[in-house]
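Labels below follow one simple rule: chain letters A, B, ... track the order of the sequence lines, proteins then strands, and each chain is numbered from 1.
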Amino acid sequence: MARKRYWLVKSEPFKYPWSKLVTDGRTHWDGVRNYEARNNLRAMAVGDLCLFYHSNEGKEIVGVARVARAAYPDPTSDEDWSCVDVEPVVALAKPVSLDAVRGRKSLAAMQMLTRNRLSVTAVTAAEMKTILAMGETTLP
DNA sequence: GCCAACGTTGGC
DNA sequence: GCCAACGTTGGC
């Protein structure tokens, strides 16, 4: 099996907060209408971990989710879009804010900063490790 | 609520 | 195939 990759997905808390993912246990990550984000979705494999970021409100990384189903056609569209299924893994003991990410030199290259408006971005293993440490969280 | 960034669309 | 107009996203 290919080496695990890491991602960051954004959601407006108003639309789909982390707490709802926890309640639901699993959800379809659909509605992505951007080619680059779609390509990222398609690159996801079952077991990959996703940082869950709340945009607009909160502006912080609040949890870690796991890809439960690899990319398949987005049922909410007739066109060629994709979605994946994700399930919650663990909430960050201490949410990591956008400001905190910006303030950390080793995270300056994170796509969530450089590709500000992309809703699905790639995260390196080193970045993942740093975020988890900042969030005072260890993976189960 | 405003505005900047940027991807997408459509006219030429 | 270029580029201006437009729409969307997201931070402030």
Side-chain angles (χ1 to χ4, degrees):
Chain A
M1 188 179 133
R3 191 142 155 272
K4 195 176 282 188
R5 297 201 205 194
Y6 302 98
W7 311 94
L8 180 138
V9 296
K10 293 192 200 177
S11 181
E12 296 188 41
F14 172 75
K15 199 173 146 201
Y16 198 92
W18 167 258
S19 59
K20 186 155 194 313
L21 178 62
V22 172
T23 306
D24 290 349
R26 177 166 171 159
T27 195
H28 311 289
W29 204 261
D30 57 25
V32 170
R33 297 291 182 268
N34 171 285
Y35 292 111
E36 203 175 346
R38 183 191 68 180
N39 290 343
N40 284 337
L41 286 180
R42 289 181 178 176
M44 289 182 182
V46 171
D48 282 359
L49 297 176
C50 304
L51 293 169
F52 194 105
Y53 175 76
H54 279 166
S55 63
N56 275 312
E57 215 177 296
K59 281 173 291 173
E60 55 191 14
I61 299 165
V62 292
V64 181
R66 175 183 176 276
V67 177
R69 183 178 169 188
Y72 58 98
D74 186 340
T76 67
S77 171
D78 293 333
E79 293 168 5
D80 187 24
W81 296 108
S82 295
C83 66
V84 298
D85 287 0
V86 296
E87 57 192 17
V89 174
V90 65
L92 293 191
K94 201 171 148 232
V96 176
S97 70
L98 180 61
D99 280 348
V101 172
R102 281 201 181 122
R104 188 63 73 105
K105 273 208 185 92
S106 61
L107 298 178
M110 270 192 87
Q111 280 193 11
M112 70 171 292
L113 298 179
T114 60
R115 309 303 319 279
N116 181 269
R117 286 164 56 260
L118 250 198
S119 58
V120 183
T121 55
V123 175
T124 67
E127 289 163 352
M128 187 73 182
K129 200 174 162 189
T130 303
I131 299 283
L132 289 175
M134 290 167 79
E136 296 172 11
T137 301
T138 48
L139 293 173

What I want to check is whether the side chains of A:Trp7 and A:Asp48 have a donor and an acceptor closer together than 3.5 Å. yes
Between C:dT9 (C1') and A:His54 (NE2): distance, integer Å: 17 Å
Find the distance A:Arg102:CZ to C:dG10:C1' and express it as a whole number of Å. 10 Å
Without decimals, in angstroms, what is the distance between A:Glu60 CD and C:dC12 P? 14 Å
Please report the distance, rounded to the nearest Å, between OH in A:Tyr53 and P in C:dG10. 9 Å
B:dC6 C1' sits how many Å from A:Arg115 CZ, rounded? 9 Å
A:Glu60 side, atom CD; A:Ser55 side, atom OG - distance, nearest 0.5 Å: 11.5 Å
Nearest-angstrom distance from the residue atom CZ of A:Arg33 to P of B:dC6: 23 Å
Before we go on, tell me: are the rings of A:Tyr35 and A:Trp81 under 6.0 Å apart, centre to centre? yes
Rounded to whole Å, CZ of A:Arg38 lies from C1' of B:dG7 at a distance of 14 Å
What's A:Asn116 touching, base or sugar-phosphate or nothing? Going by heavy atoms closer than 4.0 Å. sugar-phosphate
Take atom CD of A:Glu12 and atom P of C:dT9, then tell me their distance rounded to the nearest Å. 8 Å
Against the side chain of A:Arg117, the closest entry in B:dT8, C:dG11, B:dC6 is B:dC6
